[in-house]
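Read through the structure below, which is laid out as structure tokens, and then see the notes.
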There are 2 protein chains.
Amino acid sequence: MANGLPDPPRGLLTADAARSLVDSVDAFLFDCDGVIWKGDKLIEGVPEAMELLRKLGKKLVFVTNNSRKSRRQYSKKFKSLGLEVTEEEIFTSSFAAAMFLKLNHFPPEKKVYVVGEDGILEELKLAGFECLGGPEDGNKNIKLEADFYFEHDISVGAVVVGLDQYFNYYKMQYARICISENPGCLFIATNRDPTGHMTSAQEWPGAGTMVAAVSCSVQKEPIVVGKPSSFLMDFLLKSVTIPSTKFWIVMNSLLFQLLQLQSGNLKDVHGR
Amino acid sequence: MANGLPDPPRGLLTADAARSLVDSVDAFLFDCDGVIWKGDKLIEGVPEAMELLRKLGKKLVFVTNNSRKSRRQYSKKFKSLGLEVTEEEIFTSSFAAAMFLKLNHFPPEKKVYVVGEDGILEELKLAGFECLGGPEDGNKNIKLEADFYFEHDISVGAVVVGLDQYFNYYKMQYARICISENPGCLFIATNRDPTGHMTSAQEWPGAGTMVAAVSCSVQKEPIVVGKPSSFLMDFLLKSVTIPSTKFWIVMNSLLFQLLQLQSGNLKDVHGR
């Protein structure tokens with residue numbers, strides 16, 4: 001017992017340490033999967049902790065490597081879980097892919113082939129790029145017959161690979177042939193996570209598995225735009241104007257347990 | 001000009017060197033893709049070279065990493081190209097996978113999950129193993145919804161991954177969950193070729209791409225049974241009883257050009 005509060009569980013900070021830590025930073029960067037939610041289940045303590053941090057005037061930013069959704073779609077997901085989060089507070093690896101192309105002056109007359117889901121297509125289109133692939137190629141089957149010739153669009157100048165539950169051999173060949181045969185074609189990975197909690201009960205193959213397959217076929221490493229690449233972090237810090245020494249990255253749900261535990265105390269401190 | 005024959009093209013052996021080389025070995029091990037055929041097209045000079053070597057009493061063995069067909073199916077393919085090759089002369093990576101399990105006393109009550117095509121299933125069944133997966137899982141789509149729970153067979157004791165034109169997210173998760181959650185489950189790759197000439201006109205993603213995806217999701221390296229693993233070579237040499245110093249591996253079509261060029265000369269030498 002300290003300050004009339006119960007001792008924090010082993011491994012958590014003391015009330016004083018938590019207080020000085022929250023005081024010392026201007027912004028909190030939250031991972032989403034496993035921190036805010038698991039699948040579509042909100043993690044306990046999240047709404048209270050977010051409310052408290054907002055009251056304390058902290059800037060909140062939500063970062064996810066999961067490229068299946070756009071910022072707009074994630075904002076809706078937050079809302080469906082009872083949390084008000086604006087698109088501007090959300091940084092997804094799908095958005096990072098679009099911003100990477102934009103900041104690197106990807107020629108507007110070139111197209112982007114997408115191995116991935118709606119989120120990537122939506123962010124690329126919002127950034128003004130013409131896309132091919134994505135979910136609509138999920139139904140395209142290859143029949144490997146002796147004289148079959150696989151056609152591809154020679155104006156594809158970048159291939160973006162992210163998590164894709166409709167991954168198939170057609171997309172693998174499309175991505176391979178663009179990267180190998182279209183001069184200067186970029187190979188961009190949203191992220192390389194080997195697995196992820198795509199549903200609440202289980203882990204599933206992550207974007208890293210699709211990236212590994214394409215990378216193997218072209219014998220090249222991709223440009224990674226999501227975590228832990230420096231691109232996403234640099235872009236994010238510039239966008240939300242946080243000095244890089246003044247934020248704290250929250251990568252597991254311990255913070256919420258901590259804040260919940262200490263919230264009465266923190267409110268007192270900041271309310272004085 | 002030497003011995004009345006035209007000079008061989010640059011980089012090829014002289015007639016004398018070719019003669020002593022062919023004399024010095026008892027067996028020729030041929031790669032198939034790119035040596036015997038490209039897609040379903042026979043490579044020029046193959047029938048003549050094979051006929052000559054058989055007349056010279058050489059043992060011929062045909063090795064392929066392409067796991068899509070069984071030995072029986074490859075024997076039919078040779079026949080369709082006008083070449084008589086018995087099943088006993090053929091060593092495929094699909095057969096290697098079955099032999100690896102057999103020689104390692106894989107328990108008959110355990111099942112094998114297959115990411116791959118008919119060839120692997122046929123060889124595993126011939127070796128007495130019960131299989132799941134393969135082409136029939138090619139139509140199974142996953143819809144990643146929040147509460148979806150992916151069921152798997154806990155009696156799967158090995159996952160074999162080979163080239164699979166019907167590769168999908170269902171198979172990726174099935175393979176991942178067996179390897180990660182079934183105690184002692186083996187992870188076997190037929191081969192790791194990044195690409196292959198699956199059709200005559202183009203290269204395509206090879207088995208290595210499916211292996212890379214599964215390997216990434218389980219963060220483990222597979223046991224490789226096809227080329228260039230020592231397993232296939234050791235097994236093959238024992239099976240055909242060739243001392244390892246008395247064979248020559250043919251990995252490109254140059255030999256055939258050479259033999260064709262020198263065949264009159266070689267026949268003379270061996271006919272005396």
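Letters go in sequence order (proteins before strands), and every chain restarts at 1. Computed from heavy atoms alone, side chains included, the values below leave out hydrogens, waters and symmetry copies.
Taking a 6.0 Å sphere around NZ of K140(A), one finds it holds more than 12 heavy atoms contributed by other residues, nucleotides or ligands. More than 12 non-hydrogen atoms from other residues, nucleotides or ligands lie less than 6.0 angstrom from CG of L126(B). Shown here is E130(A), whose CD atom has no more than 12 heavy atoms of other residues, nucleotides or ligands within 6.0 Å.
For the options T199(A), L144(A), T195(A), heavy-atom pairs under 4.5 Å to chain B are most numerous at L144(A). Heavy-atom pairs under 4.5 Å with chain A peak, among S180(B), A212(B), A213(B), at A213(B). Contact count versus chain A (heavy atoms, under 4.5 Å) is highest, among G208(B), S217(B), P205(B), A201(B), for P205(B). With chain B as the partner, the residue from K38(A), R192(A), R68(A), K41(A) showing the most heavy-atom pairs under 4.5 Å is R68(A).
Taking both residues in full, the closest heavy atoms of M172(A) and T209(B) are given as CE-OG1, 3.1 Å, listed atom of the first, atom of the second, then distance. In plain terms, the two heavy atoms of P194(A) and C216(B) that are nearest each other are CB-O, 3.1 Å.
Interface remark: K143(B) contributes backbone and side-chain atoms alike to the contact with chain A (heavy atom separation under 4.5 Å). With a threshold of 4.5 angstrom between heavy atoms, Q165(A) approaches chain B through its backbone and through its side chain. For Q202(B), the part lying near chain A is the side chain, with the backbone staying farther off; criterion is any non-hydrogen pair under 4.5 Å. Contacts of E145(A) with chain B are made by backbone atoms alone, with heavy-atom separations under 4.5 Å and no side-chain atom involved.
Using modelled atom types, no side-chain atom of Y169(A) and backbone atom of N168(B) make a donor-acceptor pair closer than 3.5 Å. At least one donor-acceptor pair under 3.5 Å links the side chain of R176(A) to the backbone N or O of E203(B).
The residue from Y170(A), Y149(A), F148(A) that alone fulfils the ring-ring contact (aromatic ring centres under 6.0 Å, His included) condition with W204(B) is F148(A).
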